[in-house]
Structures are given as C-alpha cells and as structure tokens.
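Below is one structure; the comments refer to it alone.
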Number of protein chains: 2
Amino acid sequence: MSFDGQLPPKMRLLRAAAELLANSGGAPVSTRQITQLAGVSAPTLYHHFGDKEGLFDAVVAAGFEEYVAGERDFAPSGHPLEDIRRMWDNHVQFGLNQPELYLVMFGNIRPESRPAIVADAEALMEEMLNKAAVAGQLNVQPREAARSILAANVGVTLMLIAEPAAERNLELSTMTRDAMIFAVSAEQANGAGPDTSGKSSVVVAAIALNAALQASHSDQLSSSELKLFLEWLHRISTSSTS
Amino acid sequence: MSFDGQLPPKMRLLRAAAELLANSGGAPVSTRQITQLAGVSAPTLYHHFGDKEGLFDAVVAAGFEEYVAGERDFAPSGHPLEDIRRMWDNHVQFGLNQPELYLVMFGNIRPESRPAIVADAEALMEEMLNKAAVAGQLNVQPREAARSILAANVGVTLMLIAEPAAERNLELSTMTRDAMIFAVSAEQANGAGPDTSGKSSVVVAAIALNAALQASHSDQLSSSELKLFLEWLHRISTSSTS
DNA sequence: TATCACCTATAGCACCGCTATATGAACTGC
DNA sequence: GCAGTTCATATAGCGGTGCTATAGGTGATA
C-alpha cells in the first residue's frame with residue numbers, strides 16, 4: 001500500500017502519516033517511514049508542515065473533523081438527553097476505532113499545546129446540552145455540564161483503550177454515561193434515603209435483604225432456587241457472629 | 001543541582017530521571033541528560049534498568065507508591081463515601097502536583113504495556129467502596145463502581161492538567177466527583193416503593209450482603225453452598241429493575 | 001526567452017537509544 | 001596472600017532520528 005499515485009505530496013504525506021499512526025500500535029512513527037511511504041523526500045515534509053509535530057497536528061485535525069462530523073450526524077431526535085447518550089457512545093466508539101489518534105488527541109494533552117481540541121469538543125457538547133436546558137431538563141449550567149460529561153467521557157474512553165480489546169466491557173461506558181447524565185438532569189427524585197450508615201454486619205445486611213426480597217417478588221430466581229436461597233439467608237442471618 | 005554525592009548510582013539515576021521528567025514541561029527527556037545529571041555513564045543506566053522505558057517505569061512505580069500512600073493515609077473516617085471524596089480529591093491533587101508523571105501514568109496507557117497501574121488504582125478504590133457496600137450505601141457492585149469512578153477521576157484530572165494553571169477551575173472536579181458518587185450511592189430517592197427511579201432496596205441489600213459476605217468468611221454455609229448462594233446473589237444484585 | 005515563485009531532492013549535522021568490549025572493585029575459597 | 005568469580009562502571013561507537021543548508025527542477029508570467 002503506497003501513495004505514489006496522483007495525489008499531491010501534501011495529501012500523500014497526510015495519508016501516509018495517518019496510516020502509519022493508526023497501525024503503529026503505540027510505537028513511535030519516524031519521519032523517514034512517513035516520507036518513504038508517501039514517496040517523498042524529507043524536506044518536502046518540512047516545507048508543507050514545518051515540523052513533525054505540525055504534520056501530526058494536521059492528522060489530528062483531520063481526525064477531529066471526522067469525529068465532529070460523526071457527532072453532528074444524528075443530532076435531532078427531539079430528546080436532547082438521548083442525543084447526549086448517542087454523542088457519548090459515538091465518542092467512545094471513535095476512540096476505540098482509532099486508539100492511536102485518540103491518544104494523541106486526548107492522552108497527551110498539555111497546557112501549552114493542546115486545549116483547542118478540548119474546547120471544540122466541549123463546545124459541541126455544550127451546544128447539545130443547551131437544547132436540554134431549554135427543555136427544562138438540566139440541573140446545572142450547560143457549560144459546566146458539558147465540561148463534566150466530556151471529562152468523564154474521555155476518562156472512560158482512555159480506560160477502555162487501555163484494556164486488551166478482548167476483555168473490553170462497554171458496560172463501564174454506559175454506566176458512567178448514565179450516571180453523569182442522571183446527575184446533571186433535572187429528573188432526579190430527591191428524597192432522603194434510610195440512613196443505614198453504621199450498621200455493617202453480615203447479619204444486618206442479610207436481614208435487610210430478606211425483608212426486601214419478601215416484599216418485592218423478584219423474578220431473578222426460580223421459586224425453588226428462591227426457597228433454598230431464603231433458607232441459606234436465614235441460616236446466615238441467625239448466626240451469632242458477624 | 002546534581003546528585004554526585006553519596007547515593008548509589010541506581011538511586012541517583014532514579015532521582016535525576018524524576019527531576020528531569022518533572023521539569024521537562026512535556027519535552028522528551030534523553031538518556032544523556034539523565035546520565036549526565038546523575039554523574040554516571042550510559043551503560044550504568046542500562047545495567048540497572050535495562051531500558052529507558054525500564055527507568056521510566058521505575059520512576060512511575062515510585063510515584064505511584066507515593067500516590068497510594070497518600071490515598072491510604074486518611075482512610076478511616078467512618079463515612080466511606082466521604083473517604084471516597086477525599087480519595088478523589090487526593091487523586092486530582094496528585095495529578096496537578098506532578099503533571100508529567102501523571103501523564104506518563106494515565107495519559108499514555110496502551111493495552112500492551114500499562115494496565116497494571118490502573119488495576120492497582122482500581123483495587124484501591126474498590127477496597128474503599130467495599131466499606132460503603134457493606135454499610136448498604138452502594139447501588140452497584142463495588143468493582144464496577146470503582147472502575148467507573150476512577151475513569152471519571154482520571155478524565156477530570158487530565159482535563160484540569162490540560163488547562164493553563166491560572167484558569168483551572170476545581171469546581172469541575174467536585175461537581176463530577178459528587179455526580180459519580182451520587183449516581184453510585186444508595187441514597188438517591190429510594191424512600192417510597194420498590195420502583196422509584198433508582199434501584200430497589202432489594203438490590204441495595206443484596207449488594208451489601210455480597211460485600212459483607214466476601215469480607216467475613218462466614219462459615220454458616222459450606223463452600224459449595226456459598227458458591228451457589230453468591231451466584232444467585234450476583235444475579236439479584238445485577239438485575240436492572242426489581 | 002528570461003524571470004521568478006514555488007516545490008522537491010541530495011547530502012549531511014547533531015542528537016538519540018543502545019551496546020560490544022574492557023576495566024576496576026569487592027568478595028570467595030584455598 | 002592470592003587466583004577466580006561476580007558485579008558495577010567506563011570508553012567508544014553503531015545505526016537511527018528530527019531537521020536543514022543548499023541546490024535543482026518546474027510552471028506561470030512578461
């Protein structure tokens with residue numbers, strides 16, 4: 001796979017860099033690799049991008065535009081909070097699809113060099129949260145909510161990237177996502193819960209579970225399972241030691 | 001500032017690397033800089049650490065121990081959720097105090113090289129969340145809660161590091177922190193019936209019992225009974241609705 | 001045709017991570 | 001006291017890296 005064809009050298013450099021970055025698996029990518037794959041000599045790179053960093057910035061910018069385009073695509077569902085969920089999921093998916101690019105974009109953010117992308121991403125999410133705010137579904141200022149949600153979104157995505165692909169559990173994403181959206185939305189019922197702090201023994205917990213189970217007709221266990229389960233529970237909750 | 005003194009070369013290398021890393025401002029640190037500051041020649045570095053990566057890993061490990069020590073210091077306040085808050089704040093503060101080290105630890109996590117540190121950090125938080133679970137204050141499994149909270153914690157810390165120090169707004173941290181803890185805690189609105197928007201009290205009680213059982217080595221059930229019991233308990237506590 | 005701005009290539013510099021090899025120091029067994 | 005062994009450090013250098021001083025080729029304009 002090479003880019004010797006018809007494209008101008010600048011484009012060939014961009015594509016070569018993007019491809020090598022995507023397939024490097026974390027290993028550093030050298031300018032010689034890039035220029036060779038692009039079929040171009042070293043000074044051409046520096047003429048067009050000034051810098052290796054400049055070339056990478058251009059790749060990141062292109063990737064970010066792709067990301068933004070993906071975010072904007074399924075906007076108008078009429079349920080702003082649902083749109084936020086899709087935005088979150090799209091963010092995570094982008095990170096998992098292009099982990100190297102994502103790590104360059106969000107993993108190495110340093111105060112002096114990076115925050116433009118972060119600001120853009122925040123603006124994108126704030127824009128969507130504004131609709132939720134207009135609909136009276138927001139608990140806090142859209143800007144603060146956007147920053148908070150985006151931060152959690154980035155953290156989750158990085159954690160998932162760090163995991164071996166085989167054992168990635170997307171539940172981490174959905175759980176954190178819903179937690180953040182819930183905390184930010186106006187729909188929380190805020191009643192005071194029972195203060196169970198202090199009591200912490202197996203017995204107390206077993207008794208509580210026993211009582212709760214009897215009242216709730218949970219269907220997670222079959223009736224015969226439930227019978228045995230309750231018997232064991234009884235045995236535990238009548239034990240004298242903790 | 002040099003380390004020519006009395007310390008063994010291995011220690012001098014560690015300190016020199018840590019100092020250069022801390023003050024590099026994101027610029028790469030070369031082995032020649034390190035060995036020169038340590039007053040040592042190149043092969044010594046490779047004799048002790050095998051690799052530049054190995055040296056950096058050692059620096060990171062030392063930094064992580066410092067971090068863990070900070071986390072463990074103010075554990076036992078009796079209010080587990082309050083301890084989680086302090087843990088979160090301590091994490092953020094560590095990141096802001098040693099941004100370079102933090103970025104090496106959490107910014108560049110790649111599946112093939114890093115997740116040991118993440119696992120340790122998760123275990124640390126899970127350990128604390130277990131206490132909350134035993135006290136009946138948790139809505140979800142401690143492990144899942146720990147992963148979720150840590151992910152958000154990392155994301156927030158990275159975002160704060162990315163901001164110029166002058167305009168860092170710690171409200172982003174406290175807001176996200178409280179949102180995550182709130183979403184994970186049992187105290188949200190379970191006053192009335194079993195179907196209020198949060199999890200039912202059955203789930204909370206089952207999670208509490210699960211955590212308490214794991215910690216207490218109760219001998220009321222045989223090991224095979226206990227295994228099945230825990231399996232059912234897991235089924236109950238992971239049911240999404242009652 | 002001559003000019004000029006733009007783009008690209010040859011060759012090479014200073015630096016990088018790393019190592020083959022050798023030297024010194026400290027301990028062990030006789 | 002001394003050979004043998006092991007560990008720790010140093011000298012010198014290899015191949016690779018980001019980058020550039022300089023020069024050559026190309027097309028549009030005059």
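Residue numbering restarts at 1 for every chain, and letters A, B, ... go by the order of the sequence lines.
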Residues in side chain to side chain contact (heavy atoms under 4.5 Å, CB included) contact with B:Asn23, at least two apart in sequence or another chain: B:Glu19
A:His47 vs C:dT8: side-chain N/O to OP1/OP2 distance below 4.0 Å: no
Residue list, side chain to side chain contact (heavy atoms under 4.5 Å, CB included) with A:His79, at least two apart or on another chain: A:Ser77, A:Glu82
What is the distance from OH of B:Tyr46 to P of C:dA20, rounded to the nearest Å? 13 Å
Pairs meeting criterion salt bridge (Lys or Arg N to Asp or Glu O under 4.0 Å) with involvement of residues 140-159 of chain A, two or more places apart: A:Glu122-A:Arg147, A:Glu126-A:Arg143, A:Arg147-B:Glu163
Here the salt bridge (Lys or Arg N to Asp or Glu O under 4.0 Å) pairs for residues 59-68 of chain B, sequence neighbours left out, are none
Which residues share a side chain to side chain contact (heavy atoms under 4.5 Å, CB included) with A:Arg32, sequence neighbours left out: A:Ser30
Can you list every ring pair (Phe, Tyr, Trp, His ring centres under 6.0 Å) pair that touches residues 86-111 of chain B, not counting sequence neighbours? B:Tyr67-B:His91, B:Tyr67-B:Phe94, B:His91-B:Tyr102, B:His91-B:Phe106, B:Tyr102-B:Phe106
Between C:dG17 atom C1' and B:Leu20 atom CG, what is the distance in whole Å? 16 Å
Can you tell whether the side chains of A:Asp83 and A:Arg86 come within less than 4.0 Å, N to carboxylate O? yes
Using a heavy-atom cut-off of under 4.0 Å over every strand shown, decide if A:Pro28 touches base, sugar-phosphate, or nothing. nothing
Which sits closer to the 5' end of DNA chain C, B:Leu45 or A:Val40, going by the nucleotide each is nearest to? A:Val40
Non-neighbouring partners of A:Pro80 that pass side chain to side chain contact (heavy atoms under 4.5 Å, CB included), sequence neighbours left out: A:Lys131, A:Ala132, A:Gln137
Assign a letter to each nucleotide of nucleotides 10-16 of chain C from its 5' end: B, base within under 4.0 Å of a protein heavy atom; S, sugar-phosphate only; -, no contact. B-B---B
Extract, from 5' to 3' on DNA chain D, the first and final nucleotides lying under 4.0 angstrom from some heavy atom of chain A. D:dT17 to D:dA21
